[in-house]
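Scroll down for the structure; my scribbles are underneath it.
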Amino acid sequence: MDTPETQKQQIAGLYDRVAAAYGSVGPNFFAHVGAHLIEHIGITPGARVLDVAAGRGANLFPAARQVGPRGQVIGIDLAPGMVQETTAELARRGISHASMLHMDAEHLTFPDASFDYLLCGFAIFLFPHLEQALAHFFRVVRPGGKIGISVASDLHALSHWFGQRLTDYHQRHQFPIRAGGGQGSNYAQLPQHLSLAGFTAIEVRQEQADFTYADPQEWWSARWTHGPRYALEHMPPAVLAQFQAEVLARLAQEAASGGIHETLNIQYILASKDGSTKK
């Protein structure tokens with residue numbers, strides 16, 4: 001069994017490899033959810049914001065717009081490629097009040113009470129030591145500050161079929177199927193984990209959103225730009241060719257009704273650090 005440190009190396013390596021294309025193939029549901037997370041948490045102008053596992057800036061860019069030039073947004077990521085790509089994008093957009101740092105979410109190096117808001121989009125399920133990460137989140141948020149987490153599960157039958165076929169192939173051919181993974185993958189337990197970390201006023205808001213891929217190749221190519229890539233790139237070439245042919249055949253059936261749809265059940269998990277809490 002892989003150690004937590006090995007899992008982190010696998011996660012960083014995977015997201016290094018996808019950094020250049022992350023969110024750029026097919027509908028960008030990361031940007032959709034990031035913009036809505038900023039709305040739900042209610043970031044105020046002039047605030048200081050930390051975006052954990054910031055990736056290509058789905059949370060960071062709308063947060064930077066919301067805080068304005070008097071505020072500050074710092075994004076951190078375990079993958080150097082994500083830091084490099086998003087730093088370059090910040091420079092291209094001329095945004096000087098937001099920045100990226102290479103940092104481990106389980107070992108935040110910021111002083112206590114450094115931020116008014118903390119964001120974490122599509123990453124809470126990756127942390128091997130969730131309690132340690134949440135303890136750091138609690139520490140760096142000021143009393144009275146807020147935290148916002150986003151996660152999603154796919155409700156469409158196609159994605160359930162894809163996941164099951166991937167598992168079937170994994171069991172038959174014994175290739176690695178995912179990088180990392182921790183307690184945060186059970187989304188129903190996240191409010192309890194936040195409560196144990198000391199957060200209060202915990203609220204879960206739900207959204208269903210539909211996203212459409214133009215054709216089977218776009219859907220398949222998108223799998224290579226985030227988490228599923230880890231399993232696909234570890235398949236032996238002949239196994240990958242067989243799996244791809246099977247998936248594209250199923251996608252062709254779906255595309256007959258006009259595009260390929262994914263319906264996501266998105267959860268926005270919001271919480272506060274009580275101003276009177278001492279921890």
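Below, all heavy atoms of this structure are taken into account, side chains as well, without hydrogens, waters or symmetry copies.
- A side-chain donor from one of H36 and E207 sits under 3.5 Å from a side-chain acceptor of the other.
- Not a single donor-acceptor pair under 3.5 Å links the side chain of T86 to the backbone N or O of V83.
- Using a 4.5 Å heavy-atom cutoff, the side chains of H193 and L134 are in contact.
- Side-chain polar atoms of T212 and H261 form a donor-acceptor pair below 3.5 angstrom.
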Stepwise side-chain contact (heavy atoms from CB on, under 4.5 Å) test for M82 and H102: CA-CA 9 Å; M82 290 293 194; H102 180 233; over 6 Å; no

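- Going from atom CG of D154 over to atom CG of L264 covers 5.0 Å, rounded to the nearest 0.5 Å.
- Looking only at distances, no side-chain donor or acceptor of R205 sits under 3.5 Å from a matching main-chain atom of I269.
- With contacts defined as side-chain heavy-atom distances shorter than 4.5 Å, the pair V33/F122 qualifies.
- Note: F162 and F243 meet the aromatic proximity criterion, with ring centroids under 6.0 Å apart.
- By the 4.5 Å heavy-atom criterion applied to side chains, M103 and L108 are counted as neighbours.
- Ring-plane geometry between F125 and Y187 is classed as tilted, the angle between the planes lying from 30 to 60 degrees on a 0 to 90 degree scale.
- Looking at H173, its side chain never comes within 3.5 Å of a backbone N or O of F175 through a donor-acceptor pair.
- For the pair T44 (side chain) and A47 (backbone), a donor-acceptor distance under 3.5 Å is absent.
- Under the 4.5 Å side-chain criterion, counting only non-hydrogen atoms from C-beta, V204 is in contact with Q206.
- Judged by distance alone, with hydrogens and angles left aside, the side-chain atoms of H97 form a donor-acceptor pair with the main-chain N or O of A64 at under 3.5 Å.
- Here the shortest heavy-atom pairing between N59 and G34 reads OD1-CA, 3.2 Å.
- Of the candidates I149, L50, I38, I38 is the only one forming a side chain to side chain contact (heavy atoms under 4.5 Å, CB included) with L119.
- Taking each heavy atom of V49 and A63 in turn, the nearest pair found is CG1-CB, 4.4 Å.
- With sequence neighbours left out, the side-chain hydrogen bond (donor to acceptor under 3.5 Å, both in side chains) criterion links S99 to no other residue.
- In summary, the side chains of D210 and T263 do present a donor paired with an acceptor at a separation below 3.5 Å, with no hydrogens or angles considered.
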Stepwise side-chain contact (heavy atoms from CB on, under 4.5 Å) check, V140 with D112: CA-CA 5 Å; V140 302; D112 294 357; 5.8 Å; no

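- Both tests pass for R48 against the ring of F115: distance under 6.0 Å to the centre and angle within 45° of the axis.
- Rounding to the nearest 0.5 angstrom, the gap separating the CD atom in Q189 from the CG atom in L194 is 12.0 Å.
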Full working for salt bridge (charged side-chain N to carboxylate O under 4.0 Å, His left out) between R250 and E254: CA-CA 7 Å; R250 173 64 186 266; E254 295 284 336; 3.5 Å; yes

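- In this model, a donor atom of one side chain and an acceptor atom of the other lie less than 3.5 Å apart for H129 and E106.
- Here R93 pairs with E89 under the side-chain hydrogen bond (donor to acceptor under 3.5 Å, both in side chains) rule; sequence neighbours left out.
- Remark: the W219 side chain and the E262 side chain contain an N/O donor-acceptor pair separated by less than 3.5 Å.
- R172 forms a cation-pi arrangement with Y169, by the criterion of a distance under 6.0 Å to the ring centre and an angle within 45° of the ring axis.
- With hydrogens and angles disregarded, a donor-acceptor distance shorter than 3.5 Å links the side chain of T167 to the backbone of G163.
- The closest side-chain heavy-atom distance from D215 to I260 is not below 4.5 Å.
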Step-by-step side-chain contact (heavy atoms from CB on, under 4.5 Å) determination, I124 to F127: CA-CA 6 Å; I124 199 73; F127 306 144; 3.7 Å; yes

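- In this structure, the separation between CZ on R92 and OG1 on T87 is 10.5 Å, given to the nearest 0.5 Å.
- Once rounded to the nearest 0.5 Å, the distance linking CG of L37 with OH of Y117 reads 12.0 Å.
- Crowding of Q132 atom CD: a count of heavy atoms from other residues, nucleotides or ligands under 6.0 Å exceeding 12.
- Contact record, P45 with R70: CB-NH2, 4.1 Å, taken as the closest heavy-atom pair.
- Of all heavy-atom pairs spanning G75 and A54, the tightest one is CA-CB, 3.8 Å.
- Under a hydrophobic clustering in which Ile, Leu, Val, Met, Phe, Trp and Tyr are joined whenever their side-chain heavy atoms come within less than 4.5 Å, directly or via other members, W161 and W220 fall into the same cluster.
- A cation-pi arrangement is absent between K273 and F199 under the rule of less than 6.0 angstrom and at most 45 degrees off the ring axis.
- The shortest heavy-atom contact between M100 and G55 is CE-O, 3.8 Å.
- In this structure, D16 contributes its side chain and G81 its backbone to a donor-acceptor pair below 3.5 Å.
- Cluster annotation: L155 and F29 are assigned to distinct hydrophobic clusters (Ile/Leu/Val/Met/Phe/Trp/Tyr, side-chain heavy-atom contacts under 4.5 Å, transitive).
- Judged by distance alone, with hydrogens and angles left aside, the side-chain atoms of N28 form a donor-acceptor pair with the main-chain N or O of G23 at under 3.5 Å.
- In this structure, the side chain of S24 engages the main chain of A21 through a donor-acceptor pair within 3.5 Å.
- In terms of heavy-atom proximity, P62 sits nearest to G57 at CD-O, 3.9 Å.
- No side-chain heavy atom of Q208 sits under 4.5 Å from any side-chain heavy atom of I266.
- For the pair R223 and Y213, the distance from NZ or CZ to the six-membered ring centre is under 6.0 Å and the angle to the ring normal is within 45 degrees.
- Here the CG atom belonging to L101 is positioned 6.0 Å from the CD1 atom belonging to I74, to the nearest 0.5 angstrom.
- Separation of atoms CZ (R178) and CG (L14) is listed at 12.5 Å; rounding is to 0.5 Å.
- For K8 and D104, the salt-bridge test passes: some basic side-chain N is under 4.0 Å from an acidic carboxylate O.
- Contact annotation: the side chain of F110 approaches that of I76 to within less than 4.5 Å [non-hydrogen atoms, C-beta and beyond].
- Distance alone, capped at 3.5 Å, is enough to place a donor-acceptor pair between the T225 side chain and the A222 backbone.
- Proximity of the aromatic rings of F211 and H32 is defined here by a centroid distance below 6.0 angstrom, and this criterion is met.
- For the pair L166 and L232, the minimum side-chain heavy-atom distance is below 4.5 Å.
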Intermediate values then yes/no, side-chain contact (heavy atoms from CB on, under 4.5 Å), Q267 and N265: CA-CA 7 Å; Q267 296 182 44; N265 179 40; 4.3 Å; yes

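- At a threshold of 4.5 Å between side-chain heavy atoms, the hydrophobic network of Ile, Leu, Val, Met, Phe, Trp and Tyr places L248 and V25 in two separate groups.
- A parallel orientation is assigned to the rings of F30 and Y22, their planes being inclined by less than 30° (bins at 30° and 60°).
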